[in-house]
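Lettering follows sequence order; numbering is per chain, from 1. All heavy atoms count here, side chains included; hydrogens, waters and symmetry mates do not. Only a predicted model underlies this, so the values are computations on that prediction, with no experimental measurement involved.
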Amino acid sequence: MKKLSLKGRDWKSILSQNKPVIVLLILIVAMSIMNDRFLTWSNALTVLRQTSINAVIATGLTFAILIGGIDLSVGSVLAICGAVSAKMVASGMNIFLVILLTLMLGLGMGMVNGLFISKGRLQPFIATLGTMTLLRGFTLVYTQGKPISIFGSETSAVYSKIGTGYFLGIPIPVYIMLFVFVIAYYILRHMKIGRYTYALGSNEEATMYSGIKTDNVKIFVYGISGFLSALAGIIVTSRLGSAQPTAGSGYELDAIAAVVIGGTSMAGGIGTIFGTAIGALIIGILNNALNLLQVSSYYQGVAKGIVILIAVLLDRKQRTSR
Amino acid sequence: MKKLSLKGRDWKSILSQNKPVIVLLILIVAMSIMNDRFLTWSNALTVLRQTSINAVIATGLTFAILIGGIDLSVGSVLAICGAVSAKMVASGMNIFLVILLTLMLGLGMGMVNGLFISKGRLQPFIATLGTMTLLRGFTLVYTQGKPISIFGSETSAVYSKIGTGYFLGIPIPVYIMLFVFVIAYYILRHMKIGRYTYALGSNEEATMYSGIKTDNVKIFVYGISGFLSALAGIIVTSRLGSAQPTAGSGYELDAIAAVVIGGTSMAGGIGTIFGTAIGALIIGILNNALNLLQVSSYYQGVAKGIVILIAVLLDRKQRTSR
Amino acid sequence: NGDEGDNGDNGDGNGEDTAKKIGLVVSTLNNPFFVDLRDGAQAKATELGAELIILDSQDDAATELSNVEDLITQGVDLIMINPTDSDAVGSAVAAANGAGIPVVTLDRSANSGEVEAHIASDNVAGGKMAGDFIVAQLGGTGKVVELEGIPGASAARERGEGFNSALEGTEIEVVAKQTANFDRAEGLSVMENILQAQAEIDAVFAHNDEMALGALEAIKASGREILVVGFDATEDAVTSVQAGEMAATVQQLPKEIGGMGVDTAMKILAGESVDEYIPVELQLVTE
Amino acid sequence: MDEKIVSMKNIVKEFSGVRVLDNVDFNIYKGKIMALVGENGAGKSTLMKILTGVYLKTSGDIYLEGKEVNFTTTKESQDMGVAIIHQELNLVQDLSISENIFLGREPVGKSGKIKWKQLYDESKQWLDKLGLNESPKELVKNLSVGKQQLIEIAKALSLNAKVIIMDEPTGALTISETEKLFEVVNELRSQGHSIVYISHRLNEIFQICDYVTVLRDGTLVGEKTIDELDEDKIIEMMVGRKLSEQYPRVNTILGHTVLEVKNLSNKFVKDISFELKEGEILGVAGLVGAGRTEMARSIYGVYPLDKGEILMKGKPVVIKSPKDAIKEGIAYVSEDRKSNGIVLGLNIVENVTLASLDQYVGKIGKINKSEEEKSTDSYVKSMSIKAAGTKQLLKFLSGGNQQKVALAKNLNTNPKILILDEPTRGVDVGAKKEIYELINKYKESGMSILMISSEIPEILGISDRVMVMHEGMVTGTLDIKNADQEKIMSLAVGKEVS
Ligand SMILES: Nc1ncnc2c1ncn2[C@@H]1O[C@H](COP(=O)(O)OP(=O)(O)OP(=O)(O)O)[C@@H](O)[C@H]1O
Ligand SMILES: Nc1ncnc2c1ncn2[C@@H]1O[C@H](COP(=O)(O)OP(=O)(O)OP(=O)(O)O)[C@@H](O)[C@H]1O
Ligand SMILES: [Mg+2]
Ligand SMILES: [Mg+2]
């Protein structure tokens, strides 16, 4: 009986997740037919490396969306953290210190979002819209509107490996992405705070009545989102060799699309990291495909909009019963 | 007894609305002190005219947010409707026909959003993110990436009056804005569909159980949002004398900010058009003030972010009891 | 957040009523090119003792119009506009004309309204310059990639137009033409994808340096030998050209445009007559 | 006198200036069961929420085992051994049964990983104890309301608290689960746990409680031992006056058949057939999960039919949505008012007219607000709905008053057939009687009523016939003359009766 229902549950969860997988497979098959360069090892690595940035951000956003929130500030956090890290690298600071400080900065900014939303009782959309605007402003002030190059110190070479390096023939950002996925999966599935994330998104009041400090869960969740945005900022900056003041603008939309295409409900409580990984891959492959197929830039928006709509239409949930 | 309790509620509603009003008054007083050009008749008209576009869009978004949804596609609808109307004007079509067709186009696109969300059971954020991307693509294809000038026909002069003309010394867009406010207020306050809008946003299932076709309410609401985006598109195009393919990008954020600053809850069910009007004015005055005070554009983002956060922090709701 | 740089805020010279107030409406300050333009103008204004009010249109024509209206409210003596779009700026110019304030356009022209002077280097010409350079380098034959700017943006249109006109009648084929939205990160990933798709690429022309520098990273990583030509001659790009990485970049001398703008504005305000079109020369920065 | 484990003294609670508890004293005795009774809105839940740190008291003192305490969060009270089962379900729908039971108290290993096996095993023990045959891994959202209520109980019990507060735990339960619960409660008492038991079902009070505290309008009426009381006395204390016959039966002459349901089948129910006459009350009984609610909602157009037809006055009708149902003259008062009965964010007027707004729309589509107000006032009076005014938001009404508004909303559609799904769940005795009287009034005016209820006395008390369901099917229909609790129960568990 116990075994049986377990199977029943897993089967259901596989079913509910496999629609994004189907979209992904269709995309891959269609592309392989239309372009013979698509299904090559080197293109696969290219797609994965390009996907890594969106995937890392989307992982953080998965937490925020799972609690029924949203984080629009990811792109701005990415930009300011990228800029700060570039300046630190250029000044020759120790590489580990640079990474640590940058990640802590992102974590801190995310936690400020969390504070606004929990203690300040702001709606997540507007709170992170506020910090998005604010931090973009900070970035422009900090960079004076100009890119900051990472070069000019000994650290630079090491730092630039983060985004451009390879290990055993596979780009380092791909490892980072996989690592982030695994940790996030573990947290969400097997750790208390992960279960509280689902609980909070599904029923905040019940979670609170169960003696859980929901405020702390929120601060944690937005902290993660900020932390991962900072990580994405490091990858971007390292790949480009410079931090752009406008880096990350609009990234929140791609990341949200990845999360939702992956089957996570914007209402909270339902979703998985596996889904987000698939969603990010769909977006990544789509961008790659549009380039490979040389779709005119005017039509790219059309194509992207259609794929997003089809992907979510396929995966639409049963009418919610709440 | 009846009278008394009526007063009781109105008093409450005034109290709950007066925080945005307070922010607005503070802004106005502070600006009047800091800059003597601010409190002039001509600057007041300038601010109102500038506010009109955001206000019209925000009014439509108020409906969408009241049902607990969102419409990210407003900027793209604005762009495509602007472009189509510019082409019609340039072709010398009758001015009323141009306006009618443009508004119907916006209405239609909004209703398609509504269909995706109701019948297609998509989450509003992702559905309108999809159509936002799609329609921006359409606009680029339609315009071939080039602005479309409205000039070159007899209709042009009349059309351009919509955005640039005056009546009794007051700009026509200001009349349009006020008219939109009044109609929207009337619909929400005194009509069936308005009541259903609140009911749906507060409890969808109970609304359905009360014999209301919630799908139709949704289609109506997103239709309104599309309709008003088209109207905003006409104003923008007329003011600029040409339709830009990139018009309206990012307008959804300012409009959402106006709605939320005005006290409407993103969770649905709570909010007023009066609040949205105040919210739009706050944003409008803020933009004007930052320019008059010659705040560097890098700091404008910072200032705007801070004002948004302060406005919503002041107006934050009691911890919701859901 | 320590270093404010040289310009920081403006608003110096507030006290003197005699100082001329000039408004500068810039299409965007998120792009180094226009930052340079602003810096040039600011430096000149400080030198000539004029007050400069700088507003940012954030690439939106409606914001631009609002900015001009706000400048009119402030009673500036002259408005310099760096339009977001030549057509759409018409209303803004008309508004200034209506208020009796003279207008000077920078970098992009206005297709309607009364403009005292237009100071620019021609985007179309710049595109052609880049095209001609590539034609010459490749000996009139080969495969090139064009990285386009934000679809619908005027700079993207004009630079593309000039570039393609240069290729006309040559054996050079544009094998890929994709947008990277003037963004360096997108320049990188779009170029990566194109590199996957195209076995043979001889040169890349990017509508701005940001995309060119992004593309350069992709090319470096691929280990292929490809000529990269950018546009704008931003600091990073010039460094890159000097280092022998980028082949060339079209220099528009944005500081010059800004400075010349203020210069011209002061002349107009002093009642001197000025030329309607003041070209700022373009030059190709090569190693 | 028994030893006090909790004593609350002079508790005052105000919500934005409105005093809902006025100097209330309340005791809980060690190893005893204290009943807390009172009308809807008397302040029972509020008092218990203050004890457990959900609400902050305005003034007063609370002592736990002689020490003054002042809980500000549920966690604090839990840690001190006070657990509560809230009146409204507070479960996380998207988590599993065992995750819900141990939410906030998951056993974790050194690496921070949750010990799943331990979690499942311990949950299973509690489920077995309450007689719930479900996998601990099942998601809560897949359970019926009754089973969810049992999970809520398991959750509180698993805390192994010194003091367990049960705020209407049997609201969604039928007799058999209630019996099971009482077994557990008695066991807990014998182990020395103290329990507060809130219920509107007075017979339950006499079954298990040792003491009774009565509240009225936020004030303490008195605390008595159970032997000092009988049902009538409790009622008198609660409502301040004597109450005559609890189930006022009226006999009407049955008219023509109005509703005929033939072979209704879908994924919830199978082959349901019955008819309903003008002026008749058909009671529907069954255990939790019998499919009564689903049957009602299938008729109401919420769930699609696979087979079968519905006839109104002999004519087949097509009902694909609640809108169609209302048009045909069928109204449905939901068992789950919070999620689909009422709109908490709208006020009383807006709720009452929500399903019948067409009546109030004049030319140019304007709603006639004074007409709305008039209709609402008449319901407020005839049902004695207690509120600060007709413009009060539903979320600020007590459960019983919300239920009355839900009823008013449906009556305002002028239905020929009224389907009541647990119409008195969570409603106090006084209000219950008012509701029965209302039902009777409409019955007399010729309305036909289908009344689903888990309270057998209520079914027996006012229906004309009783239909019993089991696993989605009708197992029998009894005329009220030969219906009794035993027969209903055996049909409810699927046994034949002669
Ligand atoms: N959060 C709140 N805000 C304002 N008033 C409230 C709130 N919660 C309860 N009340 C009011 O306090 C009073 C007592 O409510 P409470 O829920 O304690 O009653 P109860 O005795 O539990 O009733 P029931 O038997 O219906 O559950 C009611 O008048 C109710 O309207
Ligand atoms: N969302 C659902 N999905 C699948 N099955 C469901 C769902 N909801 C209920 N069921 C099943 O339908 C049947 C009837 O449910 P329910 O318990 O609501 O019936 P009921 O007779 O009205 O009982 P109650 O006394 O709880 O109202 C049960 O077997 C239940 O498990
Ligand atoms: Mg209660
Ligand atoms: Mg039921």
Side-chain angles (χ1 to χ4, degrees), chain A residues 35-38 40 42-47 49-51 53 80 82 84 87 136 138-149 151 160 163-166 171 236-237 239-251 284 287-301, chain C residues 1-8 28-36 38-39 56 147-152 156 174-199 209-210 213-214 216-218 220-222 234-237 239-240 243:
Chain A
N35 192 304
D36 54 0
R37 301 225 161 223
F38 177 74
T40 58
S42 82
N43 192 48
L45 289 185
T46 300
V47 170
R49 187 170 49 197
Q50 290 177 1
T51 301
I53 292 159
I80 185 100
V84 170
K87 221 166 231 183
R136 179 65 64 194
F138 274 148
T139 312
L140 287 167
V141 173
Y142 183 75
T143 61
Q144 284 300 306
K146 288 178 191 155
I148 300 176
S149 170
F151 296 106
S160 81
T164 59
Y166 283 78
V236 173
T237 311
R239 288 202 70 193
L240 293 176
S242 93
Q244 313 303 118
T246 54
S249 318
Y251 280 23
N287 284 331
N288 177 261
L290 291 172
N291 286 155
L292 291 196
L293 296 178
Q294 298 192 40
V295 176
S296 132
S297 49
Y298 298 161
Y299 282 98
Q300 290 202 1
Chain C
N1 53 341
D3 51 347
E4 217 79 299
D6 43 347
N7 42 62
T28 175
L29 285 175
N30 292 352
N31 180 324
F33 177 81
F34 297 105
V35 174
D36 281 347
R38 177 204 64 187
D39 289 349
D56 180 353
L147 288 181
E148 301 173 285
I150 294 171
V174 179
V175 289
K177 190 179 189 163
Q178 295 278 290
T179 181
N181 292 314
F182 285 139
D183 182 73
R184 199 185 288 196
E186 270 192 67
L188 167 59
S189 61
V190 170
M191 194 63 211
E192 281 178 340
N193 291 334
I194 293 173
L195 286 167
Q196 290 296 335
Q198 303 296 334
D209 282 339
E210 288 292 295
L213 288 164
L216 189 67
E217 291 299 323
K220 274 199 271 183
S222 75
T234 60
E235 225 175 284
D236 284 3
T239 314
S240 173

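- Using a 4.5 Å heavy-atom cutoff, the side chains of A:Lys146 and C:Asp236 are not in contact.
- Between A:Leu140 and C:Leu29, the shortest heavy-atom contact is CD2-O, 4.5 Å.
- Heavy atoms of A:Val295 lying under 4.5 Å from chain C belong exclusively to its backbone.
- Proximity to chain C is absent for every atom of A:Thr143, based on heavy atoms less than 4.5 angstrom apart.
- By the 6.0 Å contact criterion, CZ on A:Phe151 is enclosed, its count of non-hydrogen atoms from other residues, nucleotides or ligands being greater than 12.
- Rounding to the nearest 0.5 angstrom, the gap separating the CZ atom in A:Arg239 from the CG atom in C:Leu188 is 4.0 Å.
- One finds the CG atom of A:Leu293 at 10.5 Å from the CG atom of C:Asn193 (value rounded to the nearest 0.5 Å).
- Contacts of A:Gln244 with chain C are made by side-chain atoms alone, with heavy-atom separations under 4.5 Å and no backbone atom involved.
- The most heavy-atom pairs under 4.5 Å with chain A, out of C:Glu235, C:Lys220, C:Gln178, C:Gln198, come from C:Gln178.
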As a quick check of understanding, evaluate side chain to side chain contact (heavy atoms under 4.5 Å, CB included) for A:Thr246 and C:Arg184, giving each step before the final call.
CA-CA 9 Å; A:Thr246 54; C:Arg184 199 185 288 196; over 6 Å; no
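- Side-chain contact between C:Gln196 and A:Leu292: present, with at least one pair of heavy atoms (C-beta onward) separated by less than 4.5 Å.
- A 4.5 Å side-chain heavy-atom check between A:Leu240 and C:Leu213 finds every atom pair outside the cut-off.
- For C:Glu210, the part sitting under 4.5 Å from any heavy atom of chain A is the side chain, from C-beta outward, and nothing else.
- Only the side chain of A:Arg49 comes within less than 4.5 Å of a heavy atom of chain C; its backbone N, CA, C and O stay farther away.
- Only the side chain of A:Tyr251 comes within less than 4.5 Å of a heavy atom of chain C; its backbone N, CA, C and O stay farther away.
- Listed here is the closest heavy atom pair of A:Arg37 and C:Ala199: NH2-CB, 3.0 Å.
- Ranked by heavy-atom pairs under 4.5 Å with chain C, the first of A:Pro245, A:Ser296, A:Ser242 is A:Ser242.
- In this structure, chain C has a heavy atom under 4.5 Å from the backbone of A:Leu290, while its side chain stays farther away.
- Ranked by heavy-atom pairs shorter than 4.5 Å toward chain C, the options A:Gly301, A:Pro147, A:Ser249 are led by A:Pro147.
- Neither the backbone nor the side chain of C:Asn181 comes within less than 4.5 Å of any heavy atom in chain A.
- Contacts of C:Glu148 with chain A are made by side-chain atoms alone, with heavy-atom separations under 4.5 Å and no backbone atom involved.
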